[in-house]
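Working notes, structure below.
Note that these values count all heavy atoms, side chains included, but never hydrogens, waters or copies made by symmetry. Chain letters run A, B, ... following the sequence lines, proteins first, then strands; residues in each count from 1.
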Amino acid sequence: MLDIKWLRENLDEAGASLKRRGDGTPVELEGLLDRDEQRRQCLKESETLKNQKKKLSATVGRLKKDGQDAADEMEQVRQINLRIKDLDAEVETCEREIEAKLLRIPNLPDRSIPDGVDEGQNREIRSCGQPPDFSFEPKSHVDLGESLDILDFKRAAKISGARFAVYKGLGARLLRALINFMIDVHTKENGYEEIYPPFLVNEDSLTGTGQLPKFAEELFQMRDDPLYLIPTAEVPVTNYHRDEILPEEALPVRYVAYTPCFRREAGSYGKDTRGLIRQHQFDKVELVQFVPPGRSWEALELLVANAESILQKLNLPYRVVVLCAGDLGFSAAKTYDLEVWLPSQGTYREISSCSNFTDYQARRSHIRYKKKEDGKTGFVHTLNGSGLAAGRLFVAILENYQQADGSVLVPEALRHYLDGEKWIRAR
RNA sequence: GGAGAGGUGGCCGAGAGGUCGAAGGCGAUUGACUCGAAAUCAAUUGUCCCCUUCCGGGGACCGGGGGUUCGAAUCCCUCCCUCUCCGCCA
């Protein structure tokens, strides 16, 4: 959420910045400062009265102790209380309104990101590796997976419905291998601490990271409890430090977490209906960082490099793009997507999204740090990125490592996790 | 799910309607002593909000919310959480 104090002085800048997102947000800024002004007026008067009340009550105490009459003072306080009640009600109304508005205003896009309305204007930063040159028509992971009997979409549909998959045999093992491989790289080489969080979270957590209140339709909600299935590990892991003040010496804090992720995918009915690309449930290894405000931009570059290291170790061709203002997620100030080459689609597809949220999530979820220098508190900057989406990585491996006979070569780096298995072949 | 106990500052722990943001201890910081350290002594040691250019002033917060009262950490209601025992269970 944006800082109301900052907005008082920079409303025009905020409006111009938000306009770049192209979703008509500036309108929501209207009335905000009026309510803020009204809130402060009422608060001021209320606090003055409370000060009087305090003094009068103390007088009553003294008088009663001395056995004197205090009826007059008591009556005065009664009158003051009536006024305070009205004022506080008004303050609360204003606060609620301001809060409700602020929670629906997205983060300000960073100045460095390109203009644009959708993914078409995202800008490639660099690419790495060459798309494989097949001497045959490459198959899709769906065809490969089904003929190798390691993926079963049909039975998944029976069990659960559309957009679910069953990984089977060596497929299940490969998925597990990918997850373990990624966690190992991030903990042993990239300096992250492993977290295994709950997969059900409450409303406060989802509000903290920005999924609520605006994007409830994307979430699976429990019927009988105020809990939601996590759409990403970002939610439980970022909220791990909600309502906390971290000592500056503890920063940066870096966590890696494997979790399944659950998304309703409302509004994407026609998209990626076949295969693993878009599922209601998928696995992801997520990287989350908490850093001092001055360090978040370098941290973002490092985060992207950490995510890239997985693709490099697996020799998968990919590129890095920076999202344009119109394609940016709600809470993010800047986002790099990693896109991996998918031979069956002849294109690069998103496999990771790495973002700097600056102080936006920290302000929503009250994650602060105490400065070493002067003991003052400030909001941390939060970042997170997929490192990587396991389901899509599974797709990339099947498709990029497929052979003319329909078998799949296991990348060198993974064999250790599969008891040295070099091939996935039809049985 | 049933029965009971409890949630107070970084931690431990008192406080049981009146000047309590809260005793005491521990921890931490600073100063004194010391060549230095330890020990000792002294001071400081929460967060948020409002007003103020600075200095400073004020309000709120004792799990959350509501109530009683001139006055609530203390009384009442309600919700949440933790712990113990029983039941059930991976």
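Looking at heavy-atom distances under 4.0 Å, A/Lys5 makes contact with sugar-phosphate atoms alone, never a base. Using a 4.0 Å heavy-atom criterion, one finds that A/Val60 contacts the bases of the nucleic acid, with or without backbone contacts as well. When heavy atoms are screened at a 4.0 angstrom cut-off, A/Lys370 is found touching the sugar-phosphate backbone but no base atom. Within 4.0 Å (heavy atoms only), A/Leu43 reaches sugar-phosphate atoms of the nucleic acid but no base atom. As judged by a 4.0 angstrom heavy-atom cut-off over every strand, A/Arg62 is placed among the base-contacting residues.
When the nearest nucleotides of RNA chain B are assigned to A/Met74 and A/Arg39 by heavy-atom distance, the more 5′-ward of the two goes with A/Arg39. A residue-by-residue look at A/Lys65 and A/Gly375 shows that A/Lys65 has its nearest nucleotide of RNA chain B further toward the 5' end.
Closest to the A/Arg8 side chain, of the nucleotides B/rC70, B/rG46, B/rC50, is B/rC50. Of the candidates B/rG71, B/rC51, B/rG46, B/rC51 carries the atom nearest the A/Lys44 side chain, counting heavy atoms from C-beta on. Checked against B/rG59, B/rC70, B/rC50, the side chain of A/Lys54 finds its nearest nucleotide in B/rG59. The side chain of A/Asn51 approaches B/rG58 more closely than any other nucleotide in the set B/rG46, B/rC49, B/rG58. With B/rC51, B/rA60, B/rG18 as the candidates, the nucleotide lying closest to the side chain of A/Lys50 is B/rA60. Residue A/Thr377 has its side chain nearest to B/rU47 when only B/rC70, B/rU47, B/rC50 are considered. Nearest nucleotide to the A/Val77 side chain, out of B/rC70, B/rC49, B/rU47: B/rC70. When distances run from any side-chain atom of A/Ile245 to the nucleotides B/rC49, B/rC70, B/rU47, the shortest one goes to B/rU47. Across B/rC50, B/rC48, B/rG71, the shortest atom-to-atom separation from the side chain of A/Lys53 is found for B/rG71.
Nucleotide B/rC11 forms a Watson-Crick or G-U wobble pair with B/rG25, both donor-acceptor distances falling under 3.5 Å. B/rA60 is paired with B/rU47 under the Watson-Crick or G-U wobble criterion, all donor-acceptor distances under 3.5 Å. B/rU19 makes up no base pair with any nucleotide shown, lacking Watson-Crick or G-U wobble contacts both under 3.5 Å. Both distances falling under 3.5 Å, in either a Watson-Crick or a G-U wobble arrangement, occur for no nucleotide opposite B/rU68. With a 3.5 Å ceiling on both atom-pair distances, B/rC89 lacks any Watson-Crick or G-U wobble partner. Nucleotide B/rU74 forms no Watson-Crick or G-U wobble pair with any nucleotide shown, as no partner meets the under 3.5 Å limit on both distances. Base-pair partner of B/rU84: B/rA3 (Watson-Crick or G-U wobble, both distances under 3.5 Å). The nucleotide B/rU40 finds its pairing partner in B/rA32, both defining distances of the Watson-Crick or G-U wobble pair being shorter than 3.5 Å.
Between the P atom of B/rC49 and the NZ atom of A/Lys376 lies a distance of 13 Å, rounded to the nearest Å. Going from atom CD of A/Glu73 over to atom P of B/rC70 covers 13 Å, rounded to whole Å. Between the CG atom of A/Leu49 and the P atom of B/rC70 there is a distance of 17 Å, given to the nearest Å. Atom pair A/Arg35:CZ and B/rC50:C1' shows a separation of 18 Å (rounding to whole Å applied). For A/Glu92 and B/rC61, the CD to P distance is 13 Å, given to the nearest whole Å. Taking atom CG of residue A/Asp88 and atom C1' of nucleotide B/rG58, one finds them 14 Å apart after rounding to whole Å. Taking atom NZ of residue A/Lys64 and atom P of nucleotide B/rG17, one finds them 15 Å apart after rounding to whole Å.
Salt bridge absent: A/Arg364 and A/Asp359 never bring a charged side-chain N and a carboxylate O closer than 4.0 Å. Looking at A/Asp88 and A/Lys50, a side-chain N of the basic residue comes within less than 4.0 Å of a carboxylate O on the acidic one, giving a salt bridge.
For the P atom pair drawn from B/rC12 and B/rU30, the interatomic distance equals 25 Å after rounding to whole Å. Comparing the P positions of B/rA72 and B/rG17 gives a spacing of 14 Å, expressed to the nearest Å. Going from the P atom of B/rA23 to that of B/rG9 covers 12 Å, rounded to whole Å. Here, B/rU74 and B/rC86 have their P atoms 34 Å apart, quoted to the whole Å. Distance check on atom P: B/rU45 versus B/rU8 gives 22 Å, rounded to whole Å. Straight-line distance between the C1' atoms of B/rU44 and B/rG59: roughly 24 Å, to the nearest whole Å. Comparing B/rA16 with B/rG7, their C1' atoms are spaced 16 Å from each other, to the whole Å. The same atom, P, is picked in B/rC62 and in B/rG2; the two are 30 Å apart, to the nearest Å.
In this structure, the ring of A/Phe164 has its center no less than 6.0 angstrom from the ring center of A/Phe153. Proximity of the aromatic rings of A/Phe220 and A/Tyr228 is defined here by a centroid distance below 6.0 angstrom, and this criterion is not met.
A 6.0 Å sphere centred on CD of A/Glu189 holds more than 12 heavy atoms belonging to other residues, nucleotides or ligands.
Between A/Tyr258 and A/Tyr196, the angle of the ring planes lies from 30° to 60°, which puts this pair in the tilted group.
Side-chain nitrogen and oxygen atoms of A/Arg368 include at least one within less than 4.0 Å of the OP1 or OP2 phosphate oxygen of B/rC48.
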Determine whether A/Tyr369 and A/His241 satisfy the following criterion, ring-ring contact (aromatic ring centres under 6.0 Å, His included), listing intermediate values before the conclusion. CA-CA 11 Å; A/Tyr369 74 110; A/His241 287 303; over 10 Å; no
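Checked by atom type, the side-chain pair A/Thr358/A/Asn107 shows a donor-acceptor distance below 3.5 Å.
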